[in-house]
Amino acid sequence: MNPNWSEAMNPIQRIAIVGTGTIGASWATHYLARGLDVAATDPAPGAEAALRTYIDAAWETATALGVADGASPDRLSFTAEARDAVGDADFVQENAPERIDFKVKLFADLDAAAPPEAIIASSSSGLTMSVIQTGCRRPERTVIGHPFNPPHVIPLVEVVGGAKTAPETIAAAMDFYAAVGKKPIHLRKELPGHVANRLQAALYREVVHLIAEDVLDVGAADDAVSWGPGLRWGVMGPSLLWHLGGGEGGIQHFMDHLMGPLAAMWPDLGQPQLTPELEQAIVDGVLSEAGGRSIDELAAERDSMLLALQQMRAGVAA
């Protein structure tokens, strides 16, 4: 690592978005809402028009969450050439397809084209930075910055370094994400799927098991999560909630008296086999639950409720 690299870092004002699908477009919306200049790139035909349409549609939600002074969709520029988008960037947010050979080559190209002091972050949901950074000349400035969809609404970002990522990069990425209104968490170890997706996978495995065992149908399983623990998890994490569940004795009482019965359920949790019949049952159940509402209608419903929750949480924090 260049010992002077972290000292050469500039204040982050110019963002490059590489890949403008759903995640990249949402990231672009968020960064624009925070008053930053965004240069986006994607080689797909019609990518620029689709990106601008997405931002226009999402701007109302971004505004409701709060935009910075000077924030505007007009601060977006677009190019089909990645090297042009990252050439003067302070921070690169990559959102390309999850194909490892492609991603390694892309990061090597981004590393060659971006200013030496720029941080290059990947939104990868499953690949590790230790692999992604293998073709880079400056791997110390590369890091995972994995968001939750949609990034302009959901604050969580998982920050994970690779084997050659500098500690200064992790610290700078954490500070930057926090400064633009995200909730970054630092994962001290790499593992496939990072953390939040693994938590989702663990819960959904049991949901699928319960459906497969005909304990309940798809709609009831969704209700069991969203109208029960899901409501509480939108406010506090499970460990802090167990602290409340322990009453006056708090988490220690919970561990002494309630953790045992909870842990006793673990061996009985399901290991479902995802058969074609089970997959079809879930598809049929979801379509029934959707009740004819389109994907866009459901997304709007989701974002409206998420927006209300975010605003409420911001008010409580204030």
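- At distances below 3.5 Å, at least one donor-acceptor pair connects side-chain atoms of Glu158 with backbone N or O atoms of Val195.
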### Message
Run the side-chain contact (heavy atoms from CB on, under 4.5 Å) test on His146 and Val157 for me, step by step, so that the C-alpha distance in whole Å, both residues' side-chain angles and the decisive distance to 0.1 Å come before the verdict.
### Response
CA-CA 5 Å; His146 173 242; Val157 181; 5.8 Å; no
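- Hydrophobic cluster membership is shared by Leu269 and Met259, with clusters built from Ile, Leu, Val, Met, Phe, Trp and Tyr side chains linked at under 4.5 angstrom.
- In terms of modelled atom types and a separation under 3.5 Å, the side chain of Glu94 and the main chain of Phe107 share no donor-acceptor contact.
- Contact record, Ala16 with Val86: CB-CG1, 3.7 Å, taken as the closest heavy-atom pair.
- Residues Ile23 and Pro151 form a side-chain contact, since some pair of their non-hydrogen atoms from C-beta on lies under 4.5 Å apart.
- In Gln280, the CD atom is crowded: over 12 heavy atoms of neighbouring residues, nucleotides or ligands sit closer than 6.0 Å.
- Under the 3.5 Å distance criterion, the side-chain polar atoms of His243 are matched with a main-chain donor or acceptor of Ile251.
- Within a 6.0 Å sphere centred on CG of Leu191, heavy atoms belonging to other residues, nucleotides or ligands number more than 12.
- Listed here is the closest heavy atom pair of Leu51 and Ala28: CD1-CB, 4.2 Å.
- Connection of Met174 to Met129 is not established within any shared hydrophobic cluster, with ILVMFWY side chains joined at heavy-atom distances below 4.5 Å, either directly or through further cluster members.
- The main-chain N or O of Val18 is never found under 3.5 Å from a side-chain atom of Thr41 such that the two would form a donor-acceptor pair.
- The hydrophobic cluster containing Val215 does not contain Trp227, counting ILVMFWY residues as joined when their side-chain heavy atoms lie under 4.5 angstrom apart, directly or transitively.
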#### Entry: Evaluation steps, side-chain contact (heavy atoms from CB on, under 4.5 Å), between Thr142 and Thr165
CA-CA 6 Å; Thr142 62; Thr165 301; 4.2 Å; yes
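- Taking hydrophobic clusters as Ile, Leu, Val, Met, Phe, Trp and Tyr residues chained together by side-chain heavy-atom distances below 4.5 Å, Ile100 shares a cluster with Leu110.
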### Task
In sequence, state the C-alpha distance, the side-chain angles, and the governing distance for Ser26 and His152, and then conclude on side chain to side chain donor-acceptor pair (under 3.5 Å).
CA-CA 5 Å; Ser26 183; His152 71 282; 2.7 Å; yes
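- In this structure, Glu301 and Met305 have side chains that are in contact, with non-hydrogen atoms separated by less than 4.5 Å.
- Checking side-chain atoms of Lys182 against main-chain N and O of Ile154 turns up a donor-acceptor pair under 3.5 Å.
- With hydrogens and angles disregarded, a donor-acceptor distance shorter than 3.5 Å links the side chain of Arg14 to the backbone of Asp88.
- Residue Ile119 holds its CD1 atom at 10.5 Å from CD of Gln93, rounded to the nearest 0.5 Å.
- Arg75 contributes no side-chain N or O that, together with a main-chain N or O of Leu32, makes up a donor-acceptor pair within less than 3.5 Å.
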### Test log, rule side-chain contact (heavy atoms from CB on, under 4.5 Å), inputs Thr128 and Val160
CA-CA 8 Å; Thr128 64; Val160 198; over 6 Å; no
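- Put simply, the side chain of Asp111 gets close to the backbone of Arg137: a donor and an acceptor are under 3.5 Å apart.
- In terms of modelled atom types and a separation under 3.5 Å, the side chain of Gln133 and the main chain of Gly161 share no donor-acceptor contact.
- His194 and Arg198 get closest at one heavy-atom pair: O-CD, 2.7 Å.
- For the atom pair Lys103 NZ and Ile132 CD1, the distance stands at 5.5 Å (nearest 0.5 Å).
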### Message
What verdict does the side-chain contact (heavy atoms from CB on, under 4.5 Å) test give for Trp242 and Leu258, after you've listed the backbone C-alpha separation in whole Å, the side-chain angles of each residue and the deciding distance to 0.1 Å?
### Response
CA-CA 9 Å; Trp242 292 144; Leu258 301 173; over 6 Å; no
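- Under the 4.5 Å side-chain criterion, counting only non-hydrogen atoms from C-beta, Asn197 is in contact with Phe148.
- Between atom CZ of residue Arg205 and atom CG of residue Leu274 there is a gap of 13.0 Å, rounded to the nearest 0.5 Å.
- The shortest non-hydrogen separation linking Val131 to Thr134 is O-OG1, 2.8 Å.
- The distance from atom OG1 of Thr29 to atom CG of Asp56, rounded to the nearest 0.5 Å, is 9.0 Å.
- The minimum heavy-atom distance between Val104 and Gly135, with the atom names listed, is CG1-N, 4.1 Å.
- Contact detail for Ala108 and Cys136: the closest heavy-atom pair is N-SG, 4.1 Å.
- Although no hydrogens or angles enter the test, the distance criterion places a donor-acceptor pair under 3.5 Å between the side chain of Gln310 and the main chain of Val153.
- Side chains of Val225 and Tyr204 form no contact here, defined as non-hydrogen atoms less than 4.5 Å apart.
- No side-chain heavy atom of Asp90 sits less than 4.5 Å from a side-chain heavy atom of Phe176.
- In this structure, CG in Asp37 is found 13.0 Å from CD1 in Ile12, a value given to the nearest 0.5 Å.
- Between Asp109 and Lys105 there is a salt bridge, with a side-chain nitrogen of the basic residue lying less than 4.0 Å from a carboxylate oxygen of the acidic one.
- With rounding to the nearest 0.5 angstrom, the NE2 atom of His209 is 9.5 Å from the CD atom of Gln271.
- Under the 4.5 Å side-chain criterion, counting only non-hydrogen atoms from C-beta, Leu241 is in contact with Leu244.
- Taking 4.5 Å as the limit, some side-chain heavy atom of Ser124 sits within range of a side-chain heavy atom of Glu98.
- Placement of Leu76 and Val67 within a single hydrophobic cluster is found when ILVMFWY residues are connected by side-chain heavy-atom separations under 4.5 Å, directly or transitively.
- Between Trp27 and Tyr177, the distance from one ring center to the other falls under 6.0 angstrom.
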